[in-house]
Amino acid sequence: MQQAYDVYEDRCPTRLVLDRLADKWAVLILDRLQGGPVRFNHIRRDIKGISQKVLAQTLRKLERNGLISRTIFPTVPVTVEYALTPLGSTLTETVSALAHWAEKNMDAIFAAQRAYDEAHPG
């Protein structure tokens, strides 16, 4: 039997999931994995500004929530690849839309910020 969840309730576990997904690094990682499995260092190179520690933590959280899988290859040194799971794949359209919405609308956002700052100085 499926339980009813309500994101507007303060103790609903969906809030924790939204907290994970609303993270900028999670959005970028999920968007990056749309093209197929990617190695840890490749993700780190592609997502400028993410530290190794934050990348590892974010990947671990996404894996724990069933959104990505981690595959270890017995090479020297060990090779680790990350990929979207079927559950994670259900987010690709949403994550991509969010990430690329920001790119497409930055000029409008900057204009709105300038207008706001001029109307509300100091």
Side-chain angles (χ1 to χ4, degrees):
M1 186 169 139
Q2 190 170 4
Q3 185 173 346
Y5 297 102
D6 183 351
V7 297
Y8 296 104
E9 290 294 326
D10 61 340
R11 294 181 186 215
C12 184
T14 58
R15 296 264 184 112
L16 297 173
V17 175
L18 291 175
D19 186 46
R20 296 285 181 259
L21 295 177
D23 175 73
K24 70 179 174 188
W25 300 122
V27 169
L28 294 173
I29 290 167
L30 291 169
D31 191 50
R32 178 60 189 88
L33 293 177
Q34 284 188 68
V38 181
R39 292 181 180 178
F40 181 93
N41 284 326
H42 197 140
I43 297 170
R44 199 168 114 217
R45 280 193 302 274
D46 287 349
I47 301 176
K48 310 292 188 274
I50 192 169
S51 70
Q52 184 168 339
K53 178 182 176 183
V54 170
L55 176 57
Q57 290 171 339
T58 306
L59 288 167
R60 204 172 301 118
K61 290 173 187 175
L62 292 171
E63 183 181 9
R64 182 171 185 267
N65 284 293
L67 302 175
I68 66 169
S69 62
R70 180 176 183 252
T71 304
I72 302 169
F73 297 95
T75 57
V76 178
V78 172
T79 301
V80 179
E81 283 187 345
Y82 295 89
L84 292 173
T85 63
L87 180 61
S89 293
T90 66
L91 284 169
T92 57
E93 190 175 311
T94 303
V95 165
S96 182
L98 180 60
H100 299 290
W101 177 90
E103 291 173 329
K104 292 175 188 163
N105 290 285
M106 279 313 304
D107 291 336
I109 292 167
F110 285 144
Q113 290 172 347
R114 279 192 302 276
Y116 180 91
D117 291 346
E118 289 170 5
H120 303 88

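- Considering only residues two or more places apart in sequence or on other chains, Glu93 meets the side chain to side chain contact (heavy atoms under 4.5 Å, CB included) condition with none of them.
- Placement of Tyr5 and Leu67 in two distinct hydrophobic clusters is found when ILVMFWY residues are connected by side-chain heavy-atom separations under 4.5 Å, directly or transitively.
- The two atoms that bring Arg32 and Val38 nearest to each other are NH1-CG2, 3.6 Å, heavy atoms only.
- Taken from SG in Cys12 to CG in Asp6, the straight-line distance is 6.5 Å, to the nearest 0.5 Å.
- Between the CD atom of Gln57 and the CG atom of Leu59 there is a distance of 10.5 Å, given to the nearest 0.5 Å.
- Within a 6.0 Å radius of CZ in Phe110, no more than 12 heavy atoms belonging to other residues, nucleotides or ligands are found.
- Without hydrogens or angle criteria, Asp31 side chain to Val27 main chain gives no donor-acceptor distance under 3.5 Å.
- Residues Leu84 and Ile72 are members of one and the same hydrophobic cluster, defined by side-chain heavy-atom contacts under 4.5 angstrom among Ile, Leu, Val, Met, Phe, Trp and Tyr.
- Two residues are said to be in side-chain contact when any heavy atoms from C-beta on lie closer than 4.5 Å; Leu55 and Ile29 meet this criterion.
- The backbone N or O of Gly66 sits less than 3.5 Å from a side-chain atom of Thr85, completing a donor-acceptor pair.
- In this structure, Val7 and Arg15 approach most closely via the heavy-atom pair O-NE, 2.7 Å.
- Between the side chain of Asp23 and the backbone N or O of Trp25, at least one donor-acceptor pair lies under 3.5 Å.
- The same ILVMFWY cluster, assembled from side-chain heavy atoms under 4.5 Å apart, contains both Leu33 and Leu87.
- One finds the CD atom of Gln34 at 10.0 Å from the CG atom of Leu91 (value rounded to the nearest 0.5 Å).
- Linking Ile, Leu, Val, Met, Phe, Trp and Tyr whenever their side-chain heavy atoms come within less than 4.5 Å puts Val17 and Leu98 in one cluster.
- The CD1 atom of Ile68 sits 7.0 Å away from the CD1 atom of Ile43 when rounded to the nearest 0.5 Å.
- Residue Leu21 holds its CG atom at 11.0 Å from CG of Leu16, rounded to the nearest 0.5 Å.
- In this structure, Arg70 contributes its side chain and Glu81 its backbone to no donor-acceptor pair below 3.5 Å.
- Heavy atoms from other residues, nucleotides or ligands lying under 6.0 Å from CZ of Arg39 number 12 at most.
- With rounding to the nearest 0.5 Å, the separation of OG in Ser69 from CG in Leu62 is 11.5 Å.
- Linking ILVMFWY residues whenever their side-chain heavy atoms come closer than 4.5 Å, directly or via other members, leaves Trp101 and Val95 in distinct clusters.
- Between Ser51 and Val54, the shortest heavy-atom contact is OG-N, 3.1 Å.
- With sequence neighbours excluded, no residue satisfies salt bridge (Lys or Arg N to Asp or Glu O under 4.0 Å) with Asp19.
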